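Accompanying notes for the structure given below.
None of these values were measured; they are calculated from a predicted model. Ligands are counted one by one from 1 in listed order, and the atoms in each one are counted from 1 as well.
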Amino acid sequence: MNKSLNLRLMKTRLTCIMLTSLLALTACKHNYEKMVEFPADASAEEKIEMASRLVPSKRQLEWQKLELTVFLHFGMNTFTDKEWGEGNEDPQLFNPTSLDADQWVRTLKAAGLMLVIVSGKHLVGFCLWPTATTSHSVAHSPWKGGKGDVVRELREACNRHNMKMGVYLSPWDRNAKCYGDSPRYNDMFVAQLTELLSNYGRIDEVWFDGACGEGPNGRRQEYDWDRFASVVRTLQPDAVTAIMGDDVRWVGNENGQGRVTEWCATAITPGIYPHAKAENERLGLDELSPDLGSRDLVARADRLYWWPSEVDVSIRPGWFYHAGEQPKSLQELSEIYLNSVGRNSVLLLNVPPDTDGRIHSTDSLRLMQLHRWIDGSFSRNLVTKQSGNVYEFAAPATIDAVMLQEDLTKGQHIESFTVEALDANGAWLKVAEGTTVGMKRIATFPEVTASALRVTVTQSRGKHHLTGVGAYKLLPTTPI
Ligand code: FUL
């Protein structure tokens, strides 16, 4: 072959390769991480197509995978037996007799919980660490002669047991004299946040409560959310910010109930953004709205946010420990699990340490019962083989729950589905139907004996990515 023919052939081959890569590039559209803004003239269909390409950030996805997390409400209210103190309580009242952070973390770890968030400062302003910002802290309490630090003890216990840790820092502060004097209080808040995020190792979640009141003399505190967010981003880039943050959304109730239709891609704007109020009013949305992501809503929205839901609920009636209260039953807790984790949300279960500074034995017993119930119900998936949308069992079995999962790295797509079970007569029996799936969707139904499941996605925002299908027989919720 002569030299010029060889060169011509090489050129043609190169052009072919370039053309193929160009085609591949146009076919594979890029994803939008965390937020998508629609062009002003986008049609409803174009918006849905763009919504289908909205995906979580890395830290959001890691957080969504945790499923089970825990709150520890502990502080001045524990000792005054109140839920919301006035903020003028004497630090001398804080005196746990045998605080044992190792017992907290051992108990929580044994119960399968993956991350623990401590109420570093609740709205009464009392700080569980010896802060330089106020004298209203453990440093001025009798506990350990004023030398104690609850946050440090928790950090060390988390290190020992390989547990993730988060902090709750209430923006509302009923003790701080400067609360309501906006710039001064914002400086104090930033200093508190900086202490917590600089001196206690890796923090995985920062919880800014939305509860908020006026300062002394009715002064209204204007929070500098931008500044607070940038402190978190600088000091703990991997930590998610929750509630008054744009990584994790409050589900809208404190009863442990996720929405039946729960989108991670939502039209509601996180409250920390300057345009949130106007935009949420225009769309008629707040955290309690039942619909945050339907097609109709997406068609009216200018932007969508990946803002997945967190279901916070206390194991007891109160957030703080009160001797007269009892923890919820296993029956109630198992329903909370199904209605939170089973509805595309992360569960944040509060377990309040008592006045001794320990997790009460009735609560740890209940946590272990819940753990055994979850484990016993969901550790054996009866599906052993998949052909298309049919999921076969190794042998006929009695089931009363199915679990579906989407691959969220590719976005959330499924809008509705049905599940049928193949019974002993060879008939397909509809056992479940639903709307969104997301990270995890668990549907329960009366027992059937079946040898396979057929899952049909009846509506989807573009191509869906169903990664997990499971069939289970739930354990009874009589204590085990
Ligand atoms: C609420 C507060 O009022 C409660 O005391 C508790 O901290 C809960 C998690 O958030 O807004």
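Close contacts of ligand 1 with Glu254, meaning ligand atoms under 4.0 Å from a residue heavy atom, involve 1 (C), 8 (C), 10 (O), 11 (O). Applying the 4.0 Å criterion to heavy atoms of Tyr168 picks out, from ligand 1, the atoms 7 (O). Which parts of ligand 1 touch Phe71 is read off a 4.0 Å heavy-atom cut-off, strictly below it: atoms 9 (C). Near His73, with a cut-off below 4.0 Å to any heavy atom, the atoms of ligand 1 are 6 (C), 7 (O), 9 (C).
In terms of protein heavy atoms, atom 10 (O) of ligand 1 is closest to Asp209 OD2, 3.2 Å. The closest protein non-hydrogen atom to atom 8 (C) of ligand 1 is Trp319 CE2, 3.6 Å. For atom 5 (O) of ligand 1, the nearest protein heavy atom (residue, atom name, distance) is His122 NE2, 2.8 Å.
Distances shorter than 4.0 angstrom do not occur between any heavy atom of Phe320 and any atom of ligand 1.
Relative to the six-membered ring of Trp306, Arg249 misses at least one condition, a distance below 6.0 Å or an angle of at most 45° to the axis.
In this structure, Glu279 contributes its side chain and Thr269 its backbone to no donor-acceptor pair below 3.5 Å. Put simply, the side chain of Arg358 never gets that close to the backbone of Trp104: no donor and acceptor are under 3.5 Å apart. Formation of a donor-acceptor pair under 3.5 Å by the His371 side chain with backbone atoms of Ala111 is found in this model. A side-chain donor-acceptor contact under 3.5 Å links Glu195 to the backbone of Ala132. Here the side chain of Glu37 pairs no donor or acceptor atom with the backbone of Arg303 at under 3.5 angstrom.
The shortest N or O to N or O distance between Trp84 and ligand 1 is below 3.5 Å.
Contact annotation: for Asp312 versus ligand 1, heavy atoms closer than 4.0 Å belong to the side chain alone.
Tyr168 has its ring centre less than 6.0 Å from the ring centre of His73.
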